[in-house]
Amino acid sequence: THQWRGIIEEYRDRLPVSDTTPVVTLREGGTPLVPAQVLSERTGCEVHLKVEGANPTGSFKDRGMTMAISKAKEDGAKAVICASTGNTSASAAAYAVRAGMVSAVLVPQGKIALGKMGQALVHGAKILQVDGNFDDCLTLARNLSDNYPVALVNSVNPVRIEGQKTAAFEIVDMLGDAPDIHVLPVGNAGNITAYWKGYQEYAADGVAAGTPRMWGFQASGSAPIVRGEIVKDPSTIATAIRIGNPASWQYALRARDDSGGLIDEVTDREILRAYRLLAAQEGVFVEPASAASVAGLLKAAEQGRVDPGQRIVCTVTGNGLKDPDWAVAGAPQPVTVPVDAASAAQRLGLA
Ligand code: F0G
């Protein structure tokens with residue numbers, strides 16, 4: 001009888017909602033904070049994973065979407081629109097169903113994972129594949145919401161950031177204080193902005209004694225913040241963060257600088273190594289973009305930039321089932337056996 005009520009009810013007094021706001025929720029948030037044994041050993045630190053793939057649609061986007069769709073409903077919107085590399089569109093489509101709204105999603109042609117496309121389809125979104133990248137999709141979505149009766153639910157909508165900041169609250173509520181370092185992947189830079197806001201609010205109110213250093217990692221082929229310039233044709237296997245001109249770029253720089261943190265890059269090879277380590281050694285299956293946080297932590301540790309003894313939280317942003325191609329690629333094919341215990345036992349190395 002006591003299930004988690006979703007982030008709006010759990011953190012109502014810290015969110016811009018009133019008694020008359022219709023709460024559109026799938027009971028998002030309340031995600032596991034999992035101690036990471038192998039990462040802790042490798043870094044000499046106390047490392048935890050905030051497993052955001054455990055949200056209802058399989059990514060952290062649900063935290064922002066419960067807010068965005070609830071506020072859109074309060075404002076009388078009948079339709080919502082977003083640009084997406086896949087997770088935002090999956091989340092918008094699901095929450096729009098709950099709200100009885102139409103959802104329209106703009107995705108870069110051929111560059112979103114199959115699981116995410118399947119989600120948007122099954123939830124009945126109107127999908128347009130845009131002949132361009134995510135940045136082009138966002139430009140188009142902004143234009144449409146400016147000129148047509150449709151509400152924009154990308155993270156340029158400030159209530160999305162409000163919802164997403166609750167992940168920082170949950171971490172402090174669990175640990176009893178802020179961690180020393182918080183690590184996360186960076187794409188459009190909404191999430192690093194949101195966590196920093198959440199940590200700052202808790203510190204300002206004395207719920208936490210301080211704030212963590214914010215460490216963000218972009219994929220090398222899509223690292224405009226690291227390079228200090230827009231990347232015209234971003235590339236990476238981590239399609240969720242294949243973004244060349246992040247909307248919250250300036251907020252990400254502020255989070256980095258005000259927290260004494262850093263924003264760096266990791267290669268696709270480093271991302272895939274962390275992806276496999278998480279699955280094979282921590283038991284946590286994430287999508288490739290999510291592994292950028294862990295790849296960044298491992299890279300920083302190897303460079304001697306991680307002092308031992310610190311408490312570190314890595315957000316892993318999305319569920320591995322979204323994009324299982326990378327789990328199958330390069331793995332050995334399972335062998336086929338007859339219905340015979342002796343040969344099965346022999347194949348399993350039991351006999
Ligand atoms: N990880 C995953 C799994 C994502 O889907 C995203 C963003 C990020 C990390 C980066 O977060 O943009 O706040 O810096 N996905 C967006 C989308 C762009 O459309 O689903 P960010």
Side-chain angles (χ1 to χ4, degrees), residues 31 50-55 57-65 68 81-94 103 105-108 111-113 115-117 119-120 125 127 130 133-138 141 152-157 160-161 163-165 167 183-197 214-219 222-225 234 236-249 251-253 255-256 263 266 271 274-275 278 285-296 314-323 326:
T31 54
K50 183 65 168 162
V51 182
E52 290 290 276
N55 275 295
T57 79
S59 84
F60 71 96
K61 303 292 180 177
D62 295 344
R63 295 178 183 276
M65 206 54 70
I81 192 167
C82 66
S84 183
T85 55
N87 281 323
T88 300
S89 48
S91 186
S103 64
V105 307
L106 307 178
V107 298
K111 297 294 182 188
I112 90 164
K116 303 174 188 179
M117 179 64 92
Q119 289 179 286
I127 304 172
V130 177
N133 59 34
F134 169 83
D135 307 292
D136 301 316
C137 293
L138 185 54
L152 187 65
V153 294
N154 278 107
S155 58
V156 294
N157 177 336
R160 277 274 313 276
I161 303 296
Q164 286 173 208
K165 77 184 179 186
V183 193
L184 70 180
V186 172
N188 212 26
N191 214 26
I192 192 169
T193 301
Y195 273 83
W196 180 234
K197 186 165 199 289
M214 302 299 296
W215 286 14
F217 290 92
Q218 303 195 287
S222 308
I225 300 177
T236 169
I237 58 105
T239 52
I241 53 172
R242 185 174 167 273
I243 294 175
N245 185 14
S248 296
W249 189 325
Y251 296 113
L253 292 180
R256 179 194 70 187
I263 296 181
V266 284
I271 289 173
Y275 167 85
L278 281 169
F285 185 26
V286 305
E287 64 168 286
S290 307
S293 57
V294 171
C314 294
T315 297
V316 283
T317 44
N319 196 301
L321 295 170
K322 298 256 190 187
D323 193 4
W326 290 104

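For this chain, numbers begin at 1 and follow the sequence in order. One-based numbering, in listed order, for ligands and for the atoms of each.
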Nitrogen or oxygen atoms of Asn191 and ligand 1 under 3.5 Å apart
yes
Can you report which non-hydrogen protein atom sits closest to atom 1 (N) of ligand 1, along with the distance?
Thr317 OG1, 2.6 Å
Mark the output for Ser155 as yes if a heavy-atom distance to ligand 1 is under 4.0 Å, and as no if none is.
no
Shortest protein contact, atom 11 (O) of ligand 1 (heavy atom only)
Phe60 CZ, 3.5 Å
What closest approach, in Å, do Asn154 and Cys82 show between heavy atoms, and which atom pair accounts for it?
OD1-CA, 3.3 Å
For Pro288 and Trp326 the tightest heavy-atom approach is CG-CD1, 3.6 Å
Where do Pro224 and Ile243 come nearest, in terms of heavy atoms and distance?
CD-O, 3.7 Å
As an exercise, state the distance from CD of Glu287 to CG of Leu278, rounded to the nearest 0.5 Å.
12.5 Å
For Ala291 versus Ile271, what's the shortest heavy-atom pair and its separation?
CB-O, 3.6 Å
Does any N or O atom in Lys61 lie less than 3.5 angstrom from one in ligand 1, N or O only?
yes
Has Ile243 got any heavy atom lying under 4.0 angstrom from an atom of ligand 1?
yes
With no hydrogens and no angle check, is any side-chain donor or acceptor of Thr315 less than 3.5 Å from a backbone partner on Thr317?
no
Gly318 to ligand 1: N or O pair under 3.5 Å?
no
For the backbone of Val153 and the side chain of Arg160, can you confirm whether one donor and one acceptor N or O come within less than 3.5 Å of each other?
yes
Residue, atom name and distance, where the atom is the protein heavy atom closest to atom 4 (C) of ligand 1:
Ala240 CB, 3.6 Å
Count the heavy atoms of every other residue, nucleotide or ligand shown that sit under 6.0 Å from OH of Tyr251, and state whether that count exceeds 12.
no
Is there a polar contact, in the sense of an N or O pair closer than 3.5 Å, between Gly190 and ligand 1?
yes
Glu287 N/O to ligand 1 N/O under 3.5 Å
no
Identify, for atom 5 (O) of ligand 1, the protein heavy atom at the shortest distance, and state residue, atom and that distance.
Asn87 ND2, 2.8 Å
Between Lys111 and Thr85, do the side chains contain a donor N or O and an acceptor N or O under 3.5 Å apart?
no
shortest atom 12 (O) of ligand 1-to-protein heavy-atom contact is with Asn188 N, 2.7 Å
Looking at every non-hydrogen atom in both residues, tell me the closest pair between Gly190 and Ser155 and how far apart they are.
CA-OG, 4.1 Å
Ignoring hydrogens and angles, tell me if any N or O in the side chain of Arg242 forms a donor-acceptor pair with the backbone of Pro234 under 3.5 Å.
yes
Would you mind listing which atoms of ligand 1 come within a distance below 4.0 Å of any non-hydrogen atom of Ser84?
17 (C), 19 (O), 20 (O)
Which protein non-hydrogen atom lies closest to atom 18 (C) of ligand 1, naming both residue and atom, and how far is it?
Thr85 OG1, 3.4 Å
Kindly confirm or rule out an N or O of Thr88 lying under 3.5 angstrom from an N or O of ligand 1.
yes
Quick check: does Ser290 get an N/O under 3.5 Å from an N/O on ligand 1?
no
Which bit of Ile241 gets closer than 4.0 Å to ligand 1, counting heavy atoms only: side chain, backbone, both or neither?
side chain
Numbering as shown, the atoms of ligand 1 that approach Val186 to under 4.0 Å (heavy-atom distance)
14 (O)
Shortest non-hydrogen contact from Ser293 to Val316?
OG-CG1, 4.1 Å
Are any of the N/O atoms on Ala189, whether in the backbone or the side chain, positioned under 3.5 angstrom from an N/O atom of ligand 1?
yes
